[in-house]
Amino acid sequence: MTSTIIASVDTISLKDALAYLDSADGDELGAAYALASDRNLLDGGDAEPDEPDEPEVHHALFLLRRARGLSAPSFDLMRIQLRQRIAA
């Protein structure tokens with residue numbers, strides 16, 4: 001099992017949010033994907049959790065932004081950005 005930054009799937013602190021952003025080199029969407037993956041790992045307990053889907057990544061992005069005092073992200077914009085990454 002890989003180590004996660006968070007200890008709970010329920011909350012994320014400012015320190016946690018900044019740790020995810022730091023590990024993703026400031027890439028907010030990359031940090032959200034990593035957070036969603038970690039939440040799946042903690043929630044399911046499987047060594048090989050399912051990859052997060054778009055709503056899970058959006059919720060993780062929402063948690064990262066809320067912890068930093070920023071506005072909620074657009075689901076549609078996030079979906080476009082994820083699809084652009086996959087296509088690249």
Side-chain angles (χ1 to χ4, degrees):
M1 183 167 126
T2 61
S3 67
T4 61
I5 293 173
I6 58 170
S8 168
V9 296
D10 298 324
T11 60
I12 180 168
S13 67
L14 175 58
K15 181 181 173 184
D16 295 336
L18 295 176
Y20 275 99
L21 284 167
D22 187 45
S23 69
D25 295 325
D27 177 16
E28 193 174 50
L29 194 54
Y33 190 89
L35 173 59
S37 295
D38 285 353
R39 292 181 81 220
N40 281 348
L41 183 64
L42 289 172
D43 191 36
D46 294 338
E48 295 286 331
D50 294 332
E51 288 193 31
D53 59 17
E54 290 175 345
E56 291 170 327
V57 175
H58 181 259
H59 187 248
L61 182 59
F62 169 79
L63 292 173
L64 287 171
R65 293 182 63 81
R66 182 177 68 178
R68 295 176 8 236
L70 302 173
S71 62
S74 162
F75 181 73
D76 291 332
L77 178 59
M78 184 224 54
R79 284 179 50 209
I80 291 168
Q81 291 170 335
L82 278 176
R83 290 178 183 179
Q84 287 174 340
R85 286 184 183 210
I86 292 169

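Owing to the predicted nature of the structure, the values given are computational and were not obtained by experimental measurement.
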Peer 1: Ignoring hydrogens and angles, tell me if any N or O in the side chain of Arg65 forms a donor-acceptor pair with the backbone of Ala72 under 3.5 Å.
Peer 2: no
Peer 1: So which atom in Leu14 and which in Arg68 form the shortest heavy-atom distance, rounded to 0.1 Å?
Peer 2: CD1-CG, 3.8 Å
Peer 1: Which pairs with one or both residues in residues 53-64 pass salt bridge (Lys or Arg N to Asp or Glu O under 4.0 Å), sequence neighbours excluded?
Peer 2: Glu54-Arg79, Glu54-Arg83
Peer 1: Kindly give the heavy-atom pair with the smallest separation between Ala60 and Ala36, and that separation in Å.
Peer 2: CB-N, 3.8 Å
Peer 1: Can a donor-acceptor pair be found, under 3.5 Å and without considering hydrogens, that links the side chain of His58 to the backbone of Pro73?
Peer 2: yes
Peer 1: Starting from Val57, walk the hydrophobic network (Ile, Leu, Val, Met, Phe, Trp, Tyr; side-chain heavy atoms closer than 4.5 Å) and list everyone else you reach, by chain and number.
Peer 2: Leu29, Tyr33, Leu61, Phe75, Met78, Leu82
Peer 1: Would a single hydrophobic cluster contain both Phe62 and Leu42, if residues Ile, Leu, Val, Met, Phe, Trp and Tyr are joined by side-chain heavy-atom contacts under 4.5 Å?
Peer 2: yes
Peer 1: If you look at every heavy atom in Leu64 and Ala31, which pair is closest and at what distance?
Peer 2: CD1-C, 3.7 Å
Peer 1: For Ser13, is there any backbone N or O sitting under 3.5 Å from a side-chain donor or acceptor partner on Asp16?
Peer 2: yes
Peer 1: Quick one: do the Ser37 and Asn40 side chains pair a donor with an acceptor below 3.5 Å?
Peer 2: no
